[in-house]
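We're numbering straight along the sequence, starting at 1.
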Amino acid sequence: MATATASILPRMSFPTFFSSARWVTFHTRYFSPRLLPALSISVPGFSLNLPTLLGDIWESVLRAVPKNKVSHSRKRHRQMAGKALKDVNSLCKCPGCGETKRTHRLCQRCLEAHITDIFSLAATPRAVLSAGGSSTLHVHDTTDPSCPLKQSISDAHKLGCHHICTSRNGRVAASAGFGGEVKLWALNQDTGEWSSSGEITGPSVKPGEVWALALSEDGSYLASTTNDGRINVWEIKGESKTKIQEYETGSAGSGSFGMSIDLSRDGKYTASGHQNGAVYIFNNDTGRISYSLSGLAKPVRSVAFSPASTRLAAAGDAGIIALYDMKHGEHVGNLTGHSSWITTIDWSDTGEYLLSGSMDGKVKVWSVERSTCVATHSETDKALWAVRWLPKTGKSEMFCTAGANRSICFYREATGS
């Protein structure tokens, strides 16, 4: 009995399950399920039959073998498949140098050449002052028919000057630089040369705080716009240049950028044009806003009072010149004809004609009474940034223009007749 038990136990003992390949085969043959087809895998000295389900798992394990790493160049080729370089169609001509450039991009040639456009002009009875991208202000003598360069004020603004203006009597000038500084200039009556007469300083004078400028007729007051829509008025006739008035065109610190400004000749009104197309007129006597004018829905780049302070002209990206009556603040008419943005306007001394310059290089002379264009000049296809009438001498009136062509052009026959 003991002998028989000993002969059976080795066959049923689990510890001896893996003792030899024979017992493994025996166990698998008698105890594997018969419901699923079996998969047989042979290994030297080892044989095992597995169900199909376990076989699928085993196959997935075998497939999870690390592959060769795909190179970066191969990945790049796969990513760029069907993505070849396409033609660039969004091109335009640079208004500064005339070269082809990407739309809404700065012109690389202008950046490399340190472009020195003439951004602003100011006229006096005897001279024209010009300012631009360079640090020097230039003065041209208009009493000579050839309008020669009479004076150059070097290092006036290190980063260049974007606006310059003069008083109506021609004795005071003010200029604003890209660095945020505002400088004042005085005319020497004996020599006819300009020299520094001070600077508006203080914690409030910083980049963006002063943009467009306008002087009163006698040069006692200076008005300026800011990047948040405020209008500041400074008294500059004394030693201390103090701010005497501040107008708001919106909630504090959230107004639209003030792009242009003008003071009426009688000193009663201040007008400003803004980036959102708004035009505001302030009464300097009461210190309050008089009119908020409509009619332009795009940036207003220039506003100008008529010599009699009865009309206001405003123009900008809308391509039209809107005329307003100052008595009631009514929109009384439009002057149409420009095919591009209007950057600058100016009234003649008599108030009979209005001058305008645009981005396409055309300058037009308008008859205000007839509401028609009486002359168009287009000697350049580059942007005009400034146009100014010159004091009337003789029977004809003269005006000058300046812009991206980096030169000042003088015209004698204003009306084309």
For [X], all residues meeting side-chain hydrogen bond (donor to acceptor under 3.5 Å, both in side chains), sequence neighbours excluded:
X	answer
Thr191	none
Thr343	none
Ser73	Ser71

Report the distance from atom [atom1] of [X] to atom [atom2] of [Y], rounding to the nearest 0.5 Å.
X	Y	atom1	atom2	answer
Asn232	Leu222	CG	CG	9.5 Å
Met326	Tyr291	CE	OH	6.5 Å
Leu323	Leu312	CG	CG	8.5 Å
Thr270	Asp262	OG1	CG	8.5 Å
Leu137	Trp194	CG	CH2	11.0 Å
Ser224	His163	OG	NE2	11.0 Å

Would you say [X]'s side chain and [Y]'s backbone share a donor-acceptor pair under 3.5 angstrom?
X	Y	result
Thr249	Gly229	yes
Ser302	Ile345	yes
Ser264	Tyr269	yes
Asp141	Cys147	no
His140	Thr142	no
Lys183	Ala176	no
Ser256	Gln275	yes
Ser378	Thr380	no
Ser120	Ile164	yes
Asn284	Gly267	yes

Quiz prompt | Lys237: partners by salt bridge (charged side-chain N to carboxylate O under 4.0 Å, His left out), with sequence neighbours left out | solution =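 For Lys237, the residues satisfying salt bridge (charged side-chain N to carboxylate O under 4.0 Å, His left out) (neighbours in sequence not counted) are Glu235.
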Practice problem: Could you walk me through whether Thr336 and Asn334 pass side chain to side chain donor-acceptor pair (under 3.5 Å), step by step? | Solution: CA-CA 6 Å; Thr336 60; Asn334 290 328; over 6 Å; no
Quiz item: With sequence neighbours left out, which residue pairs that include part of residues 263-289 fulfil the salt bridge (charged side-chain N to carboxylate O under 4.0 Å, His left out) condition?
Solution: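 Passing the test, one end in residues 263-289: Arg265-Asp349.
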Quiz prompt | Where at least one partner belongs to residues 317-335, residue pairs that pass salt bridge (charged side-chain N to carboxylate O under 4.0 Å, His left out), sequence neighbours excluded | solution =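 Only Arg301-Asp317 qualify under salt bridge (charged side-chain N to carboxylate O under 4.0 Å, His left out).
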Search all heavy atoms of [X] against all heavy atoms of [Y] and return the closest pair with its distance.
X	Y	answer
Ser216	Ser167	O-CB, 3.4 Å
Lys362	Thr376	CD-CG2, 4.3 Å
Trp389	Ala123	O-CB, 3.6 Å
Asn276	Ala278	OD1-N, 3.1 Å
Ser152	Thr136	CB-CG2, 3.9 Å
Ile342	Ala315	CG2-CB, 3.6 Å

Exercise. Report the C-alpha separation of Ile261 and Ile231 in whole Å, then their side-chain angles, then the decisive distance to 0.1 Å, and conclude whether the side chain to side chain contact (heavy atoms under 4.5 Å, CB included) test is met.
Key: CA-CA 9 Å; Ile261 194 169; Ile231 310 299; 3.7 Å; yes
Taking side chain as C-beta onward, heavy atoms only, is [X] less than 4.5 Å from [Y]?
X	Y	value
Glu352	Glu369	no
Ile281	Leu293	yes
Leu335	Cys373	no
Ser356	Thr344	no
Glu209	Arg230	yes
Arg311	Val332	yes
Leu121	Cys400	yes

Quiz item: Could you go step by step and tell me if Asn188 and Ser195 meet the side chain to side chain contact (heavy atoms under 4.5 Å, CB included) rule?
Solution: CA-CA 8 Å; Asn188 188 315; Ser195 59; 5.8 Å; no
Distance flag, aromatic centroids of [Y] and [X], threshold under 6.0 Å:
X	Y	answer
Phe178	His157	no
Trp347	Tyr353	no
Tyr411	His377	yes

Quiz prompt | CD (Gln189) with more than 12 external heavy atoms under 6.0 Å | solution =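 Correct, the count exceeds 12.
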Exercise. Decide side chain to side chain contact (heavy atoms under 4.5 Å, CB included) for Val139 and Leu149; before the verdict, give the C-alpha distance in whole Å, the side-chain angles of both, and the deciding distance to 0.1 Å.
Key: CA-CA 6 Å; Val139 181; Leu149 179 64; 5.6 Å; no
Quiz prompt | Step-by-step side chain to side chain donor-acceptor pair (under 3.5 Å) determination, Trp211 to Asn227 | solution = CA-CA 7 Å; Trp211 184 249; Asn227 59 353; over 6 Å; no
Exercise. Could you verify whether a donor N or O on one side chain and an acceptor N or O on the other, from Trp185 and Ser175, lie under 3.5 Å apart?
Key: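 Side chains of Trp185 and Ser175: pair found under 3.5 Å.
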Quiz prompt | Polar side chain donor-acceptor pair, His138 to Ser130, under 3.5 angstrom | solution =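 No - no donor-acceptor pair under 3.5 Å links their side chains.
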Exercise. Using the ring pair (Phe, Tyr, Trp, His ring centres under 6.0 Å) rule, take Tyr280 and His274 through it: C-alpha gap first, then chi angles, then the decisive distance, then the call.
Key: CA-CA 9 Å; Tyr280 298 99; His274 297 260; 5.2 Å; yes
Self-check item: Glu199 and Lys241 ion-paired at < 4.0 Å
Solution: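 Here Glu199 does not pair with Lys241 in a salt bridge, since their nearest N and O are not under 4.0 Å apart.
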Self-check item: Parallel, tilted or perpendicular: rings of Phe282 and Tyr247 (30°, 60°)
Solution: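 If you compare the ring of Tyr247 with that of Phe282, the planes turn out parallel.
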Practice problem: Take Val128 and Arg388, measure what side chain to side chain contact (heavy atoms under 4.5 Å, CB included) needs, and give me the verdict at the end. | Solution: CA-CA 9 Å; Val128 169; Arg388 288 291 178 270; over 6 Å; no
